[in-house]
Amino acid sequence: PSPRLAEVIKMLKQYKPLALTFARAQAKQTSTVKNYLTSSPLSLDIESAYTFSIPAPDYSHLGCNLGTGMNGSDIVVKNMIGVGGLFQRQMNASKQPFIGCKLESVDGEVVPSYVNSQLIVNAMKRRWTANGRVELRFCNETHKDALCKVMSLDGSS
């Protein structure tokens with residue numbers, strides 16, 4: 001018997017890294033895909049299907065939601081979902097509020113206000129290529145403005 005969806009997901013969550021192979025109908029088979037997902041398990045010819053493999057460090061990086069096909073036994077991709085990249089995961093792990101923060105500097109060099117995003121991305125790529133790392137410093141403008149107001153009231157500015 002085929003494993004149940006819950007068993008497959010549990011197994012996928014236990015293993016790291018993952019390498020999954022998916023089968024997709026060829027162009028001439030696409031009319032049978034709807035039938036395959038809604039009725040007969042034999043509508044998709046696996047032998048002539050296009051296959052591709054997806055590597056993922058773990059289940060949270062897979063990028064899709066799995067479900068059970070209408071035949072009750074096949075595991076199918078129900079939909080695709082966005083996966084946070086390394087940068088987003090590092091920012092989330094820091095437990096710091098980065099929403100609304102301004103990029104202050106790249107590797108210690110102040111980012112001028114007139115610079116567009118493409119110039120910043122290019123600078124980051126150059127630094128990464130040269131050093132194998134990039135240090136980004138963010139500034140919470142709301143906190144900075146509040147601190148400046150307190151300092152000006154205190155006469156410390």
Side-chain angles (χ1 to χ4, degrees), residues 2-27 30 33-34 36-38 44 46 49-70 74-157:
S2 297
R4 299 180 73 101
L5 176 62
E7 294 169 339
V8 171
I9 291 174
K10 182 179 178 182
M11 180 179 61
L12 290 173
K13 288 181 177 181
Q14 291 175 353
Y15 293 106
K16 297 175 187 177
L18 297 171
L20 301 177
T21 301
F22 295 87
R24 183 176 187 148
Q26 294 287 355
T30 55
V33 172
K34 183 173 173 130
Y36 171 73
L37 293 176
T38 58
L44 178 63
I46 297 297
Y50 170 72
T51 60
F52 56 97
S53 296
I54 306 250
D58 59 40
Y59 181 76
S60 68
H61 284 86
L62 196 52
C64 65
N65 287 325
L66 301 174
T68 303
M70 294 305 279
D74 290 339
I75 308 295
V76 298
V77 174
K78 287 291 187 180
N79 61 3
M80 304 303 289
I81 55 174
V83 175
L86 181 60
F87 183 72
Q88 182 178 357
R89 288 172 181 258
Q90 290 287 330
M91 290 180 79
N92 290 340
S94 74
K95 306 281 191 232
Q96 298 295 319
F98 287 98
I99 304 297
C101 291
K102 178 182 111 182
L103 180 60
E104 183 95 354
S105 66
V106 176
D107 277 348
E109 292 187 23
V110 175
V111 176
S113 60
Y114 59 83
V115 175
N116 66 32
S117 61
Q118 190 57 51
L119 290 172
I120 293 171
V121 168
N122 289 341
M124 290 168 58
K125 285 180 183 177
R126 282 193 307 274
R127 297 297 181 138
W128 183 265
T129 301
N131 305 326
R133 62 179 281 287
V134 177
E135 180 181 309
L136 304 176
R137 181 165 294 159
F138 292 89
C139 177
N140 186 319
E141 291 292 308
T142 305
H143 288 149
K144 181 179 176 181
D145 292 344
L147 183 60
C148 288
K149 286 178 185 176
V150 169
M151 290 176 65
S152 67
L153 291 174
D154 190 31
S156 305
S157 59

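Owing to the predicted nature of the structure, the values given are computational and were not obtained by experimental measurement. All heavy atoms count here, side chains included; hydrogens, waters and symmetry mates do not.
- By the 6.0 Å contact criterion, CZ on F52 is enclosed, its count of non-hydrogen atoms from other residues, nucleotides or ligands being greater than 12.
- Interatomic distance, R4 CZ to I9 CD1, rounded to the nearest 0.5 Å: 12.0 Å.
- Across all their heavy atoms, P3 and E7 have their closest contact at CA-OE1, 3.4 Å.
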Would you check, one step at a time, whether the test side-chain contact (heavy atoms from CB on, under 4.5 Å) holds for T51 with F22?
CA-CA 5 Å; T51 60; F22 295 87; over 6 Å; no

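- In terms of heavy-atom proximity, I81 sits nearest to N65 at CG2-ND2, 3.5 Å.
- Around atom NZ of K78, more than 12 heavy atoms belonging to other residues, nucleotides or ligands sit under 6.0 Å away.
- Side-chain atoms of T68 and V76, non-hydrogen and from C-beta on, never get closer than 4.5 Å to each other.
- The heavy-atom pair separating V106 from R127 by the smallest distance is CG1-CG, 4.3 Å.
- With sequence neighbours excluded, no residue forms a side-chain contact (heavy atoms from CB on, under 4.5 Å) with S117.
- Here CG of N79 is found 9.5 Å from CG of L66. Values are rounded to the nearest 0.5 Å.
- Annotation for C64 and M80: closest pair CB-SD, 3.8 Å, computed over non-hydrogen atoms.
- A heavy-atom distance below 4.5 Å is not found between the side chains of V111 and K102.
- D107 is listed as a side-chain neighbour of R133, based on a closest heavy-atom distance under 4.5 Å.
- In summary, the side chains of S53 and T21 do present a donor paired with an acceptor at a separation below 3.5 Å, with no hydrogens or angles considered.
- Looking at I54 and L18, their side chains never come closer than 4.5 Å, going by heavy atoms from C-beta outward.
- Judged as a ring pair (Phe, Tyr, Trp, His ring centres under 6.0 Å), and not counting sequence neighbours, Y59 has no contacts.
- For Y114, there are no ring pair (Phe, Tyr, Trp, His ring centres under 6.0 Å) partners, not counting sequence neighbours.
- Under the 3.5 Å distance criterion, with hydrogens and angles disregarded, a donor-acceptor pair is assigned to the side chains of R89 and S60.
- Note that CG of N122 and CG of N116 are 8.5 Å apart. Values are rounded to the nearest 0.5 Å.
- Taken from CG in L12 to CG in L20, the straight-line distance is 5.5 Å, to the nearest 0.5 Å.
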